[in-house]
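Each remark here refers to the structure printed beneath this line.
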Amino acid sequence: MNSAPSHYSDLLETLKTYFPSPVSNPIMDGYFVHSVSCFLDRVDALKSAAPVLGSKREADYAAHRTLVMPDDMASVESINAMLADYCRGMTVWSHPNAQANVIPPPTISSITAYIAAALYNPNIIWDEYSARFAEAEVEAVAMLASLVGYDPAEAGGVFTFGGTGTILYGVKLALEKLTGGQAMKRGVRQEYKIVASGASHYARLNVAGWLGLGSDNLITVPSTSRNDISLPALEATLRGLYERDETVLAIILTLGTTDAFGIDDLAAVADLRERLVAEYRPPFPPYLHADAVIGWPWLVFQDYDFDANPLGFHDRTLRALRDTLERMRPLFLADSLGMDFHKTGYAPYVSSLFLIKRRADLALLSRDPAAMPYLYQFGHYRPGLFTLECSRSGAGALAALANLKLLGKQGYQVILGHSVEMSECLREHLESLTCAKVLNADNLGPVTLFRLYPDGVDAAAAYRRECADPDYRPELERYNLYNRRIFDWTHAQAMRGEGVLLSWTDAYRPAADGKTPIAALKSFVMSPWTDRAAMETVVRQVLEARARIETESARP
Ligand SMILES: *Cc1c(COP(=O)(O)O)cnc(C)c1O
């Protein structure tokens with residue numbers, strides 16, 4: 001503003017219009033609704049046939065880094081336009097042609113829960129600051145504990161900052177159980193080993209590093225071609241550790257790996273733990289944390305009548321759902337587990353639940369109330385006594401509860417069943433092509449990883465050699481590039497609104513030499529709008545891209 005300086009009290013009147021009115025005020029309430037509605041209109045204008053809002057442009061981060069804070073106040077209208085502009089280039093996750101990753105379109109109810117939390121700003125540190133948002137957390141925990149098969153009278157849990165946070169809570173609890181709460185006071189005084197599979201999420205490295213256990217103490221066990229932890233390798237690893245008198249703190253199992261939807265055999269590992277504990281009698285039986293952040297919703301099929309198949313899934317889908325469920329059922333054997341709603345739970349970021357079999361164990365994380373004199377003078381629900389977070393938004397818990405009630409078991413059965421059905425449709429297509437190979441053929445979720453091979457190469461035979469023959473490395477590297485070119489071409493096409501937005505993984509798994517990564521094209525179906533036509537488009541466009549590459553390389 002260049003005009004003469006105003007008295008602050010005048011500016012304060014303007015400033016008040018920046019906030020929703022504290023008391024009912026039809027004019028100001030209308031202004032708020034109008035602002036949100038204008039924002040939605042502006043974003044809506046960015047929608048097109050492509051699965052992105054507006055066009056994507058290169059960011060000029062160098063210019064952005066020179067910005068300084070403005071001197072004057074602006075208007076809600078101008079910031080509204082700016083906010084809509086910042087949505088440009090975002091993928092529309094609900095678009096039938098968005099198959100990029102495990103990123104869901106959030107439901108209207110879960111979005112409304114976030115709006116509720118944004119408006120009234122609950123902090124579930126304490127029910128005094130979160131009122132019924134605290135109840136929502138307790139209710140969501142109860143529903144999920146019963147879904148898992150934990151005793152609801154004993155189980156507990158808290159929403160936290162992502163799947164990484166759920167693993168952090170699990171391993172931290174293991175550490176406090178092992179040390180009788182001493183690690184909290186005296187720090188980590190000894191080497192403790194954590195065991196997980198090579199297909200588990202890299203969050204394990206953060207957890208080991210940030211908890212001070214050291215990522216060198218993380219032992220990675222190979223996974224099988226089904227992307228689950230190799231049981232013989234796990235047994236050999238654990239025996240080796242016990243024979244060297246090492247302390248095994250925790251085993252992290254993954255039920256639904258990020259890239260391929262591999263599912264560790266939790267029942268077999270729980271059984272192995274029991275056998276080895278009986279044999280070696282370690283002072284501490286290793287803690288079992290299940291990273292089920294992606295896989296947990298498949299538990300809704302526990303009540304599905306697979307014989308009558310009332311929802312009418314195809315045979316192939318039905319088998320996939322049933323086999324997945326069998327691997328998810330033993331989740332109740334884990335000491336704790338992680339469940340993300342911002343993945344296969346269809347809520348906005350971030351909504352993750354750390355669920356624990358025995359709520360009483362959480363007391364090991366408690367601080368002395370005397371250390372927090374400004375809190376907890378009254379009220380009944382005080383998770384802030386033990387949570388890592390001080391400020392902990394109520395949004396995640398309410399959004400989770402909203403989706404659990406909105407969708408129910410039936411809704412999750414429909415949306416997950418549909419995603420798997422679409423993925424099976426793609427697999428069936430790809431399997432009929434001699435130039436294509438589905439890499440995670442034995443995994444049964446909504447994600448398909450595949451590779452294409454040049455003319456004259458038998459895809460199945462080539463892939464077998466990539467996995468088994470270290471001398472095949474030059475071909476493997478060439479085929480990695482070949483697939484990358486296919487991906488780039490389809491990506492550009494999708495951005496023009498002419499195809500499906502796929503994803504790419506640089507390293508699906510290591511090849512025969514144990515080092516060189518096998519790259520893959522990836523389709524992850526999340527949207528309820530994705531249909532058979534979209535899956536046929538995937539096949540058509542990758543074949544088209546491949547044909548172009550073949551023509552180009554045939555030219556002299
Ligand atoms: C995404 C993911 C994580 C990490 O969760 P964030 O919410 O991204 O922190 C952990 N484990 C698995 C299997 C995941 O897919």
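Both counts, for ligands and for their atoms, begin at 1 and track the order of listing.
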Electrostatic pair Arg204:Asp291 at N-O distance under 4.0 angstrom: no

Asn227-Tyr508 side chain donor-acceptor pair, cut-off 3.5 Å: yes

Salt bridge (Lys or Arg N to Asp or Glu O under 4.0 Å) between Lys177 and Asp335, worked out: CA-CA 12 Å; Lys177 283 183 83 144; Asp335 295 304; 5.5 Å; no

Side chain to side chain, Ile194 and Asn217, heavy atoms closer than 4.5 Å: no

Amino acids contacting ligand 1, non-hydrogen cut-off under 4.0 Å: Gly162, Gly163, Thr164, His201, Thr254, Gly256, Thr258, Asp291, Val293, Ile294, Asp340, His342, Lys343

Ser423 side chain to Thr448 side chain, donor-acceptor N/O pair below 3.5 angstrom: yes

Set of residues satisfying side chain to side chain donor-acceptor pair (under 3.5 Å) with respect to Gln413, sequence neighbours excluded: none

